[in-house]
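Data block below; observations after.
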Amino acid sequence: MSGTRLLSHSLTLALRSLRKMVRTPEQLFDVTVQPVIFVVMFLYLLGGAVSGSTGEYLSFLLPAIMVQTVVFASVPTGINLNTDIRKGVFDRFRSLPIARSAPLLGAVLGDMVRFVVCVVVLLGFGYALGFRIGTDPLSALAACLLMMVFAFSLVWASVLLGVTARDPGSVQGIMFLAMFPLTFGTNMVTPTETMPGWLQWWVGVNPVTDVMEAARGLLTSGPVAGPVTSTLLWSAGLFAVFFPLAVRAYQRGTA
């Protein structure tokens, strides 16, 4: 019964997050306008130099940009949580007869819609530029779900920072400082073998690289088993570490 109660309360609070997005659609700019700009910029600046043609490079670039955007989209979750906490919104939640961790889970579930919007917009824009899925619809769906699973696990690091940082600016600064090496320190725009040795090492151990390689394999064909397995293991590890820490920090802060 407690699990059903938690889910019900979390979904109710997720609807609150969705209503906020509807009222302030500019919150979606980072998962709609920004990734489109990245695709255009990298495609036409580097496509000819890296792959010899923009068409071939688009197949290499687009899945990686999708992963990058989904990863970056986890940052506003912590910022919004911290803002609500500082405004006293969570004090009101604490006075209600709801599951203690429901506000956190509701915020995360609501923000998962942002990830879906990102994937849909980028796939649609990619098709307009000439991108085509080289596998099959089920594999493409698996690629999108895999991105969501990783993002759902990683977002709890943002949640942890959101409930512990002193102000929203601190959350934004720390999260972006962590996200840049995670997303750009990959083979997103160039193959790994073209990089210096020290950077190849970082790209090889970076979990976001595994997600990008898995997305490429599932969307355009290529190695799948290894990257998918690594992504699932990383996702399980991130969730196992940051979810209980975030919930414990939130409960301690609202005790």
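Keep in mind it's a predicted model, so treat the numbers as computed, not measured.
Here the two rings, on Phe131 and Phe60, have centers that are 6.0 Å apart or farther.
Thr54 contributes atom OG1, which lies 12.0 Å from atom CG of Leu45 (distance to the nearest 0.5 angstrom). Rounding to the nearest 0.5 angstrom, the gap separating the CD1 atom in Ile174 from the CE atom in Met179 is 12.0 Å. A distance of 5.5 Å separates CG of Leu146 from CG of Leu232, quoted to the nearest 0.5 Å. Note that CE of Met66 and CE of Met188 are 14.0 Å apart. Values are rounded to the nearest 0.5 Å. With rounding to the nearest 0.5 Å, the separation of CE in Met175 from OG in Ser170 is 13.0 Å.
A donor-acceptor pair under 3.5 Å is absent between the side-chain atoms of Ser74 and the main chain of Val155, judged by distance alone. Checking side-chain atoms of Arg132 against main-chain N and O of Tyr127 turns up a donor-acceptor pair under 3.5 Å. Checking side-chain atoms of Thr12 against main-chain N and O of Ser8 turns up a donor-acceptor pair under 3.5 Å. Checking side-chain atoms of Asn82 against main-chain N and O of Ala165 turns up a donor-acceptor pair under 3.5 Å. A distance-only check finds no donor-acceptor pair linking the side chain of Asn206 to the backbone of Trp202 [under 3.5 Å]. When atom types are taken as modelled, the side chain of Ser235 and the backbone of Ser153 share no donor-acceptor pair closer than 3.5 angstrom. Side-chain N or O atoms of Trp156 include one that pairs as donor or acceptor with a backbone N or O of Phe152 at under 3.5 Å. Checked by atom type and distance alone, the side chain of Thr135 pairs as donor or acceptor with a backbone atom of Leu218 at under 3.5 Å.
Between Phe150 and Pro207 the shortest side-chain heavy-atom distance falls below 4.5 Å. Proximity of Val208 to Trp234: side-chain heavy atoms (C-beta onward) are nowhere separated by under 4.5 Å. Counting only heavy atoms from C-beta outward, the side chains of Val189 and Tyr57 approach each other to under 4.5 Å.
Hydrophobic clustering (ILVMFWY, side-chain heavy atoms < 4.5 Å, transitive): Val228 and Val67 are in distinct clusters.
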